[in-house]
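Only this structure's heavy atoms are used, side chains among them; waters, hydrogens and symmetry mates stay out. Both ligands and their constituent atoms are indexed starting at 1 by order of listing. Position 1 is the first residue of the sequence, and the numbers go up from there.
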Amino acid sequence: MDIGILALQGAFAEHAAMLDRLGAGHFEIRNRAALERPMDGLILPGGESTVMGKLLRQLGLYEPLRTRIAGGLPVFGTCAGLILLAEQVEGGEPCFETMDIRAVRNAYGRQLGSFHAVSLFDGQPIPMTFIRAPYIGGVGPKARALAQVDGRVVAARQDNQLVTAFHPELDGDLTVHTLFLDMCRKGGGAQAAS
Ligand code: GLN
C-alpha cells in the first residue's frame, strides 16, 4: 500500500504519522516527478485551499491529479482538501470539482474558527477538531453524508472520494484513516500518472 500525500503546504506530516501507525507506505507529492510513482490513494491535507489551488496549477499537478481522481483513484480530503474536491464552493473558487457537494468556506467565522467536538462518523463516535473549517452546505445525489455536527454535514463520501471538514490526523483516532485505507485496498489506484 503506497499513499501519495499532497505536500505543497499545510498539515501533510500529520497524515504521514497516521499512515505510519496503520502500517501503510506513503510519499510526498511536491512536483510532477512524484506522480511517476504508482499510488493506491491520495491525501489532500488541510491548509489554505486558495494557495494549494494556485500551486497545483503552477506546478503542473492540477490536470494529472484531476484525471486520476475522476478516474477513480481513492482520495481523502481534509478541510482545505474537502474544498479542493467540491463541485461548488461558497466563498472561494472550486478546484478539482469532482465531488457532488457544496463546500461553505470559513463557515464558522474567524472568532469561532477552531473548536472540538465528539460526534458520530458513519455511526461511531469520534473526536473532531475543526480549524477555520468549511462545512458541507449541500450533498448532491451522488454523495452521501457521513457525519454531522450541530446539524451541519462535516463528512461525506462519493464512491472513492472521502472528505472531512475536521482534522482526524490531529486527534489520534484512526477510524477515518482506516476507512480510507480500506477504500484504497479495494482499488482504483496504483497506476502511475501519464
Ligand atoms: N480555511 C481554509 C481554507 O479555506 C481551510 C482550513 C484548514 O484546512 N484547516 O482553505
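Contacts of Met52 with ligand 1, taken as heavy-atom pairs under 4.0 Å, are absent altogether. The part of Arg105 lying near ligand 1 is the side chain, judged by heavy-atom distances below 4.0 Å.
Atom numbering of ligand 1 starts at 1 in the shown order; those under 4.0 Å from a heavy atom of Ile83 are 3 (C), 4 (O), 10 (O). Atoms of ligand 1 found under 4.0 Å from any heavy atom of His167 (numbered from 1 in listed order, with element): 7 (C), 9 (N).
Shortest contact from atom 1 (N) of ligand 1 to any protein heavy atom: Asn106 OD1, 2.7 Å. Nearest to atom 7 (C) of ligand 1 among the protein's heavy atoms is Cys79 SG, 2.7 Å. What sits closest to atom 10 (O) of ligand 1 on the protein, heavy atoms only, is Ser49 N, 2.6 Å.
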Test side-chain contact (heavy atoms from CB on, under 4.5 Å) applied to Phe166 and Val149, step by step: CA-CA 10 Å; Phe166 55 93; Val149 169; over 6 Å; no
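Cation-pi geometry between Arg66 and Phe96 is not met: the NZ or CZ atom fails to fall both under 6.0 Å from the ring centre and inside 45° of the normal.
Between His26 and His15, a ring centre-to-centre spacing not shorter than 6.0 Å is recorded.
Using modelled atom types and a 3.5 Å distance limit, the side chains of His167 and Thr129 yield no donor-acceptor pair. Donor-acceptor pairing under 3.5 Å is lacking for the side chains of Arg157 and Thr164.
Looking at Ser114, Gly47, Ala133, Gly77, it is Gly47 that brings a heavy atom closest to atom 5 (C) of ligand 1.
Residue Gly46 places no N or O, backbone or side chain, under 3.5 Å from any N or O of ligand 1.
Under 4.0 Å is where a charged nitrogen must lie from a carboxylate oxygen, and between Glu14 and Arg21 no such pair does. With respect to Glu87 and Arg102, no salt bridge is recorded, no charged nitrogen being found less than 4.0 Å from a carboxylate O.
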